[in-house]
S.K.: 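Can you read through this structure? Questions will come right after.
Please read all numbers here as calculations on a predicted model, not as lab measurements.
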Amino acid sequence: MRYSMLVYLTKISRTLAGAARYLRAAPQSDLLAEVTQNGRRMLSQIETVLEHRREDLRSETPLAQLAEIKTLWESGDEVLEERLEQFTQNLPKEISYQVRAVFFAEQGEKWDAMGSIYEYMRDDPRFDPVVVLMPIFRALQRADGHVDQEIICKDYLTPMGISFYEYDEYSLPDDRPDLAFTSQPYNSAQLPQFYAEYISKYTRLVYLPYFVPDKVAAESVRTWCQLPVYNYAWKVIGSSQRHYEFYRQHSRLKGSNMLITGLPKLDDAATLRERGVPLPEKWENVIRNRKTFLWNSWYNMNLCSLRYFDELLSWFREHTDCALIWRPHPMTDIVTKLHFPDKYDFWLQYQQRLEELPNAVRDEEVSCNAAFYYSDAQISDYSSLMPQYLLMNKPCLWIVSSAFKFIGEVIDGDWTERASSIQQILDFLERIRQGGDPKADRRKAVRQKDLSLADGHCGERVCKKIWEAMHREDDILQ
């Protein structure tokens, strides 16, 4: 039985208990006769549901109790109210029910925001999870004002053994799930039927951040706290107390809808060192017996670390005892094509030149797990991959850019080394190559302070806290 049906039965039963109190105290009147008749109809509704869902009953007790209540309803016995209260309290114990949860999934790179929740629900009989694969839209405006739109909808779920509905096969009004999860905060990137405002009309919506709140920029107030999803979500999942304090200060609901559980997005990285991950086949000859660096580059060709491509490639060409895993931002191609067309040939050349280097490989995996696990250090433009990498307890270099102006932090940033020139980047590479790691102690301290909940069980905590919150709000005794 669906959880929503249990809620429905509980509400009817409580209404009947209230009516029973009225019947006991009220004088004879036409209204009394009407209440009595309405009660008969409600009891019949409960009986119909229980008979129809008989396979979900753990015993015959609810039907036996209901039969007694129907008799008492006609006689007006003074124990009627007590029997209705007992019946209501026993329903959750006597009925096998599930919470139906729909996951609105989009890009494979963002599945980690909800993956651990889905896996927990899949293996817990209290839940009935389904996945809907939805497209996302990227609209980019050219310098001449023309807007180009890219539609992305790739099946990355089937290789993981996850069945799903196509977005045009699923109807939210027909399914009426008990819960819905989304990690897409931007209406401009999705179809109207997946807007938070629309979803919240039919079910409780939970927003799962697809990024790790880290450094605070001027636009963070809007993107972390004031987009429509934050207003319509029943719950917003928070990473830490510092994240909550920022959200409480700037959100319209003053933080009342945030659950601090830690981000499910971090569950993979938190356990990756212990469980490992298969080595992609074409990486083996590239990184074997080499000190390996992960390079995470942003998509703005004028401002990101790609401007150091020639020097970095030269360094790895000279230092064959080291290897490079390059993970460019997935939007680099389209952004370069539309906004920096004069640099698009360079972008294509970069990819070709990297392929020609025997100790370098481009990371084309959906997940960053392999790059995290097999690298010894990361060099990165500002990115959510930086705080994720903190959980690997490996050195990280932040390549500072004038494109980002920060006014605060929810994760202390001094666990990384920093570079604003190619020489500082090369110095970092050499330092790691020689076994140096000056930030090791600071990494440990920052993780314990600002990411203490990132223990690999965030998805499990989300499920448990949401289960408790639903039952508490609906006054369902567990």
S.K.: Classify the ring geometry of His250 against Phe246: parallel below 30°, tilted from 30° to 60°, perpendicular beyond 60°.
M.R.: tilted
S.K.: Check whether Trp398 forms a cation-pi arrangement with Lys215 (NZ or CZ under 6.0 Å from the six-membered ring centre, at most 45° off the ring normal).
M.R.: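 Yes.
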S.K.: Roughly how far, to the nearest 0.5 Å, is CZ of Arg252 from CG of Asn231?
M.R.: 4.0 Å
S.K.: So Trp224 and His243, would you call those rings parallel, tilted or perpendicular, with 30° and 60° as cut-offs?
M.R.: perpendicular
S.K.: Quick one: which residue pairs count as a salt bridge (charged side-chain N to carboxylate O under 4.0 Å, His left out) with a foot in residues 291-310, not counting sequence neighbours?
M.R.: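 Passing the test, one end in residues 291-310: Asp310-Arg353.
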S.K.: Determine whether the aromatic ring centres of Trp295 and Phe316 lie less than 6.0 Å apart.
M.R.: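 Distance test on ring centres: not under 6.0 Å, no.
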S.K.: Nearest 0.5 Å, what's the CG-OH distance between Asn257 and Tyr230?
M.R.: 10.5 Å
S.K.: Regarding Gln423 and Asp427, is there a side-chain donor-to-acceptor distance under 3.5 Å anywhere?
M.R.: yes
S.K.: When you check the gap from the basic side-chain N to the acidic O, do Asp414 and Arg442 get nearer than 4.0 Å?
M.R.: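 Yes, Asp414 and Arg442 are salt-bridged.
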S.K.: With sequence neighbours excluded, tell me which residues meet side chain to side chain donor-acceptor pair (under 3.5 Å) with Arg222.
M.R.: none
S.K.: Report, one line per pair, each donor and acceptor closer than 3.5 Å where one atom sits in a side chain of residues 125-132; sequence neighbours left out.
M.R.:
from	atom 1	to	atom 2	distance (Å)
Arg126	NE	Asp124	OD1	3.2
Arg126	NE	Asp124	OD2	3.1
Arg126	NH2	Asp124	OD2	2.9
Asp128	OD2	Arg100	NH1	2.9

S.K.: Is it true that Phe309 and Phe346 have ring centroids separated by less than 6.0 Å?
M.R.: no
S.K.: For residues His471 and Tyr97, establish whether the separation of their ring centroids is below 6.0 Å.
M.R.: yes
